[in-house]
K.L.:
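I'd like to ask you about the structure that follows.
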Amino acid sequence: MTETPAQPPAGQPAPELFTWEFATDPYPAYAWLREHAPVHRTKLPSGVEAWLVTRYADAKQALADGRLSKNPAHHDEPAHAKGKTGIPGERKAELMTHLLNIDPPDHTRLRRLVSKAFTPRRVAEFAPRVQELTDRLIDGFVEKGEADLIHEFAFPLPIYAICDLLGVPREDQDDFRDWAGMMIRHGGGPRGGVARSVKKMRGYLAELIHRKREELTELPAPGEDLLSGLIRASDHGEHLTENEAAAMAFILLFAGFETTVNLIGNGTYALLTHPEQRQQLQDSLAAGRTDLLATGVEELLRYDGPVELATWRFATEPLSIGGQDIAAGDPVLVVLAAADRDPARFDEPDTLDLSRRDNQHLGYGHGIHYCLGAPLARLEGQTALATLLTRIPDLQLAGDSADLRWRGGLIMRGLRTLPVEFAPSAKVRTD
């Protein structure tokens with residue numbers, strides 16, 4: 001039996017989407033869509049028309065549906081929409097052959113190759129470096145009594161971490177910080193700045209990969225960097241090409257830093273605006289327990305996660321989602337932020353509960369495209385929040401929440417700035 005799609009109330013139009021007001025708090029609009037138009041066709045700010053999937057069950061189905069391709073070649077795009085899907089600048093820079101843009105069997109091959117170099121053990125071994133970076137950044141502002149936690153903490157931490165993990169030399173990492181900063185402004189910088197930054201990053205990665213390939217030893221050295229591991233990785237004798245390695249490094253940088261910027265930024269903001277939950281977490285950390293930190297980060301990912309919409313999918317054939325017919329070639333965007341507040345799946349979904357146990361959120365996706373870097377993001381998020389709350393226990397917002405601005409952009413959700421204040425203190429660490 002085919003489910004009948006929900007119908008909006010007569011005379012009640014769908015809420016306006018993708019405005020600045022919407023960006024500040026999209027959740028009421030998503031609640032309306034879940035109830036009245038759970039699979040909703042809309043025109044995006046770019047002019048591209050796409051389906052938005054907002055209910056949890058439909059979202060989970062769509063994320064794992066093999067008929068929804070990640071390859072933009074399946075987009076039945078009109079001329080005006082050409083090149084307006086995906087990451088800005090990636091087409092011109094020839095960086096399309098990464099995990100977010102391909103399907104099996106190529107996706108299976110590349111993911112297996114990358115997984116060999118990007119293991120949980122490697123992430124665990126990296127924990128001391130993440131802690132060192134976290135403390136160093138806090139040292140940079142702890143004596144001032146004020147900071148912008150986005151620009152001074154949440155943004156540089158994952159950039160330096162992923163650069164270290166990939167093997168970008170320390171002397172070049174500030175260049176990556178500049179390029180990455182331009183990429184996450186989503187139009188807030190000079191015209192064409194994103195494409196130029198992607199092009200510069202592409203050129204640098206090609207040169208670095210070539211250099212590392214020439215320097216590669218027969219056997220891996222202890223603690224070998226991820227980029228060397230990617231070059232070395234093989235599957236039945238088949239190696240990554242330099243183009244594939246560059247594209248893979250690019251997407252690990254792009255997806256691996258902005259999601260963590262937003263996890264730390266959104267998570268800190270949620271804690272500062274929910275003082276009882278924040279106090280429970282601080283008390284737990286002071287007692288030497290980490291259980292609430294672990295469930296708390298998962299709840300922060302669900303409550304106001306870093307990825308608002310999953311990356312682009314395109315129907316390869318006619319199909320139905322939630323009773324709504326989707327034509328071949330149509331773009332489909334799964335709204336993770338809406339699905340993760342679906343009352344049909346989560347009790348009191350609009351309540352932040354750091355101790356929530358039944359929390360199978362979709363913050364890092366689902367199915368074969370589940371985020372490969374999720375363990376690193378969790379490590380960075382847990383380390384950043386625990387250290388921040390422990391070292392600066394009186395952390396408070398500086399100013400009014402209403403004055404905060406969220407970055408414009410389709411896929412990610414994150415604050416432009418997060419000004420905080422606290423009692424200045426000497427650089428005394430807790431380790």
K.L.:
Taking all atoms of both residues into account, what is the closest heavy-atom pair of Ile150 and Leu418, and its distance?
P.N.:
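Result for this residue pair: CG1-N, 3.5 Å.
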
K.L.:
I need the Leu352 CG to Asp304 CG distance, nearest 0.5 Å.
P.N.:
9.5 Å

K.L.:
Taking side chain to side chain contact (heavy atoms under 4.5 Å, CB included) as the definition, give me every residue that meets it alongside Ser228, ordered by chain and number, with sequence neighbours left out.
P.N.:
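Lys212, Leu216, Glu224, Asp225.
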
K.L.:
Flag the pair Tyr160 / Asp174 as yes when at least one side-chain heavy-atom distance between them is below 4.5 Å, and no otherwise.
P.N.:
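Sidechains of Asp174 and Tyr160: in contact.
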
K.L.:
Taking side chain to side chain donor-acceptor pair (under 3.5 Å) as the test, write out the residues that go with Arg378, two or more places apart.
P.N.:
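Once residues adjacent in sequence are excluded, the partners of Arg378 under the side chain to side chain donor-acceptor pair (under 3.5 Å) criterion are Glu298, Tyr370.
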
K.L.:
Going by side chain to side chain contact (heavy atoms under 4.5 Å, CB included), Val335 matches just one of Asp58, Leu33, Leu309. Which one?
P.N.:
Leu309

K.L.:
Is a side-chain N or O of Thr273 found less than 3.5 angstrom from the main chain of Ala270, in a donor-acceptor match?
P.N.:
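The answer is yes, because a donor-acceptor pair under 3.5 Å joins these two groups.
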
K.L.:
Do Gln131 and Thr387 have side chains that get closer than 4.5 Å, going by heavy atoms?
P.N.:
yes

K.L.:
For residues Tyr27 and Ala337, report the shortest heavy-atom separation together with the two atoms involved.
P.N.:
CE2-O, 3.6 Å

K.L.:
Between Tyr204 and Asp172, is there a side-chain donor-acceptor contact under 3.5 Å, judged purely by atom types and distance?
P.N.:
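On atom types as modelled, these side chains qualify, holding a pair under 3.5 Å.
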
K.L.:
Taking all heavy atoms of Asp394 and all of Ala423, pick out the closest pair and write down the distance.
P.N.:
OD2-N, 2.9 Å

K.L.:
For residues Leu263 and Gly381, report the shortest heavy-atom separation together with the two atoms involved.
P.N.:
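Taking every non-hydrogen atom into account, CD2-CA, 4.0 Å.
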
K.L.:
Would you say the side-chain atoms of Glu152 pair up with the backbone N or O of Asp148, donor to acceptor, closer than 3.5 Å?
P.N.:
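Present.
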
K.L.:
Under the criterion side-chain contact (heavy atoms from CB on, under 4.5 Å), I'd like the reasoning laid out for Arg356 against His361: C-alpha separation, chi angles, the key distance, then a yes or no.
P.N.:
CA-CA 11 Å; Arg356 190 185 296 269; His361 64 78; over 6 Å; no

K.L.:
Between Arg345 and Asp340, does any side-chain N to carboxylate O distance fall below 4.0 Å?
P.N.:
no

K.L.:
Taking atom types as modelled, is there a side-chain donor on Arg278 or Gln282 under 3.5 Å from an acceptor on the other?
P.N.:
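Distance-only check passes for Arg278 and Gln282.
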
K.L.:
So how far is it from Ile264 CD1 to Leu415 CG, rounded to the nearest 0.5 Å?
P.N.:
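Rounded to the nearest 0.5 Å, the CD1-CG separation comes out at 12.5 Å.
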
K.L.:
Taking only residues two or more places apart in sequence, or in another chain, which ones meet Pro349 in a side chain to side chain contact (heavy atoms under 4.5 Å, CB included)?
P.N.:
Arg302, Arg341, Pro343, Phe346

K.L.:
So do Cys371 and Thr259 actually touch side chain to side chain, heavy atoms under 4.5 Å?
P.N.:
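When only atoms from C-beta onward are counted, Cys371 and Thr259 do not touch, as no gap falls below 4.5 Å.
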
K.L.:
Taking atom CD of Glu125 as the centre, does the number of heavy atoms from other residues, nucleotides or ligands within less than 6.0 Å exceed 12?
P.N.:
yes

K.L.:
When you look at Ile231 and Ile209, which way does the side-chain contact (heavy atoms from CB on, under 4.5 Å) test go after all the steps?
P.N.:
CA-CA 8 Å; Ile231 297 166; Ile209 288 166; 4.0 Å; yes

K.L.:
Do NZ/NE/NH1/NH2 and the carboxylate oxygens of Asp178 and Lys200 come within less than 4.0 Å?
P.N.:
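No, Asp178 and Lys200 are not salt-bridged.
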
K.L.:
Within this structure, what is the CG-CG distance for the pair Asp353 and Asn359, rounded to the nearest 0.5 Å?
P.N.:
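Interatomic distance, Asp353 CG to Asn359 CG, rounded to 0.5 Å: 9.0 Å.
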
K.L.:
Given side chains that start at C-beta, do those of Leu149 and Tyr269 come closer than 4.5 Å, heavy atoms only?
P.N.:
no

K.L.:
Please test Asp342 against Arg34 for side-chain contact (heavy atoms from CB on, under 4.5 Å), starting from the C-alpha separation and ending with a verdict.
P.N.:
CA-CA 8 Å; Asp342 188 344; Arg34 271 197 315 267; 3.9 Å; yes

K.L.:
Less than 4.5 Å apart, side chain to side chain, heavy atoms only: is that true for Asp65 and Ile321?
P.N.:
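Asp65 vs Ile321: side chains apart.
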
K.L.:
Are Trp312 and Leu333 close enough that some pair of their side-chain heavy atoms sits under 4.5 Å apart?
P.N.:
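Trp312 reaches Leu333 side chain to side chain.
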
K.L.:
Indicate yes or no: at least one non-hydrogen side-chain atom of Ser284 is less than 4.5 angstrom from one of Leu293.
P.N.:
no

K.L.:
May I ask you to test the Ile411-Thr311 pair for a side-chain heavy-atom distance under 4.5 Å?
P.N.:
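A side-chain contact under 4.5 Å exists here.
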
K.L.:
Please round to the nearest 0.5 Å and tell me the distance separating atom CG of Leu271 and atom CG of Asn266.
P.N.:
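Between atom CG of Leu271 and atom CG of Asn266 there are 11.0 Å.
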
K.L.:
Looking at every non-hydrogen atom in both residues, tell me the closest pair between Ala23 and Pro26 and how far apart they are.
P.N.:
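Smallest interatomic distance, heavy atoms only, reads O-CD, 3.9 Å.
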
K.L.:
Looking at Glu276, I'd like to know if its CD atom is crowded, meaning that more than 12 non-hydrogen atoms belonging to other residues, nucleotides or ligands lie closer than 6.0 Å.
P.N.:
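Open.
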
K.L.:
Nearest 0.5 angstrom please: Leu354 CG to Leu300 CG, how far?
P.N.:
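With rounding to 0.5 Å, CG (Leu354) is 6.0 Å from CG (Leu300).
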
K.L.:
Under 4.0 Å between a side-chain nitrogen and a carboxylate oxygen: does that hold for Arg391 and Asp135?
P.N.:
yes

K.L.:
Could you grab the distance from atom CG of Leu336 to atom CD of Glu308, nearest 0.5 Å is fine?
P.N.:
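The distance works out to 9.0 Å.
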
K.L.:
Can a donor-acceptor pair be found, under 3.5 Å and without considering hydrogens, that links the side chain of Glu146 to the backbone of Pro419?
P.N.:
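No, Glu146 side chain to Pro419 backbone: no donor-acceptor pair under 3.5 Å.
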
K.L.:
Would you say that more than 12 heavy atoms from the other residues, nucleotides or ligands in this model lie under 6.0 Å from the CD of Gln279, or not?
P.N.:
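Atom CD in Gln279 is crowded, with more than 12 foreign heavy atoms closer than 6.0 Å.
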
K.L.:
Between Leu208 and Pro169, which heavy-atom pair has the shortest distance, and what is it?
P.N.:
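It is CD1-CD, 4.1 Å.
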
K.L.:
List the steps and the verdict of side-chain contact (heavy atoms from CB on, under 4.5 Å) for Gln280 and Leu292.
P.N.:
CA-CA 8 Å; Gln280 288 178 24; Leu292 193 61; 4.0 Å; yes

K.L.:
Taking Glu207 first and then Arg211, would you say they form a salt bridge - that is, a charged N and a carboxylate O separated by under 4.0 Å?
P.N.:
yes

K.L.:
Using a distance-only test with no angle check, is there a side-chain donor-acceptor pair under 3.5 angstrom linking Tyr30 and Asp25?
P.N.:
no

K.L.:
So is Arg413 actually on top of Trp406's ring, under 6.0 Å and inside 45° of the axis?
P.N.:
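Arg413 over Trp406 ring: yes.
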
